[in-house]
Every structure is written in C-alpha cells, then in structure tokens.
Amino acid sequence: MLASKDHLLATNETFRKLAQEHTQYEQRLSSLTHKRYLTDDEKLEEVRLKKLKLRLKDQMQSIEQQYRDHVEHGQVA
C-alpha cells in the first residue's frame, strides 16, 4: 500500500512527523552499527532507539490502517 503511505505523508501532519522521527532514529542506528565497538552508553542508546523506532512504526501502521479502513468505507475524499 505505497499509495496510502504517500498520501498520508502528503496530507497527514502526524504521520509525516512520525516518519521523519523514524528516519532520524534509523540514521542514528546506522551510524552506531558502522562502528567497530560500542561503548556501554552507545549499546544502551542502540536498544533505546530500536524500541523507539518500533513504537513509531506501530503508530504509523495504525494511522495507515485507519486510513485504509476509511477509504474502503468511502469516508475519505
């Protein structure tokens, strides 16, 4: 359902903010995973970021499902 994600990114401020935050967490995680060794603080940050990313993904999927449900019932213009 790429079209619904594109539509939500263009029209839904909450979805857009969640997606931007998710991208920021992904970029930080990527920089951590490219390190050879992580400090204890970085290991904790990695775990925290993964949990935050998952929470955001769940929120985005919920918004997307609500949108799809509305479209199926003809409630979205």
Side-chain angles (χ1 to χ4, degrees):
M1 282 274 168
L2 185 60
S4 62
K5 285 183 183 178
D6 289 341
H7 179 77
L8 287 168
L9 284 169
T11 62
N12 187 302
E13 183 67 23
T14 301
F15 189 85
R16 187 170 37 253
K17 285 181 180 179
L18 292 172
Q20 289 170 346
E21 197 173 343
H22 187 273
T23 299
Q24 290 171 349
Y25 293 156
E26 179 61 37
Q27 289 170 346
R28 177 62 181 144
L29 270 172
S30 179
S31 71
L32 288 174
T33 58
H34 284 92
K35 287 187 166 191
R36 185 173 290 236
Y37 301 104
L38 296 178
T39 65
D40 287 341
D41 286 343
E42 288 171 331
K43 289 176 187 175
L44 288 174
E45 181 183 10
E46 180 182 34
V47 170
R48 182 182 66 82
L49 288 171
K50 286 179 179 180
K51 289 178 182 180
L52 288 170
K53 264 187 61 191
L54 184 58
R55 187 197 69 196
L56 291 173
K57 183 179 177 184
D58 288 345
Q59 289 175 322
M60 290 167 58
Q61 286 176 333
S62 176
I63 291 170
E64 191 174 0
Q65 185 60 51
Q66 289 173 4
Y67 171 78
R68 277 190 247 128
D69 290 347
H70 286 225
V71 168
E72 287 177 12
H73 295 94
Q75 297 174 351
V76 173

Check this for me, if you would: do Glu72 and Arg68 make a salt bridge, where the nitrogen-to-carboxylate-oxygen distance has to be below 4.0 angstrom?
no
Membership question, hydrophobic clusters at under 4.5 Å side-chain separation (ILVMFWY): are Leu54 and Ile63 in the same one?
no
Between Arg16 and Glu13, does any side-chain N to carboxylate O distance fall below 4.0 Å?
yes
Under a 4.5 Å side-chain heavy-atom rule over Ile, Leu, Val, Met, Phe, Trp and Tyr, are Leu44 and Leu38 clustered together?
no
Gap separating the CD atom of Glu42 from the OG1 atom of Thr33, nearest 0.5 angstrom
11.5 Å
Look up atom OH in Tyr25 and atom CG in Leu52, then write down how far apart they are to the nearest 0.5 Å.
4.5 Å
How long is the gap from OG on Ser30 to NZ on Lys35, to the nearest 0.5 Å?
12.5 Å
How long is the straight-line distance from CG of Leu18 back to CZ of Arg55, given to the nearest 0.5 Å?
8.0 Å
Check whether any side-chain heavy atom of Val47 sits under 4.5 Å from a side-chain heavy atom of Lys43, and report yes or no.
no
The reported gap from CD in Glu64 to NE2 in His7 (rounded to nearest 0.5 angstrom) is 11.5 Å
Side chain Ser62, main chain Asp58, donor-acceptor under 3.5 Å
no
Passes salt bridge (Lys or Arg N to Asp or Glu O under 4.0 Å), Arg28 versus Glu46? Steps please.
CA-CA 9 Å; Arg28 177 62 181 144; Glu46 180 182 34; over 6 Å; no
Rounded to the nearest 0.5 Å, what separation is found between the CE atom of Met60 and the CG atom of Asn12?
10.5 Å
Charged N to carboxylate O below 4.0 Å: is that the case for Glu21 and Lys53?
no
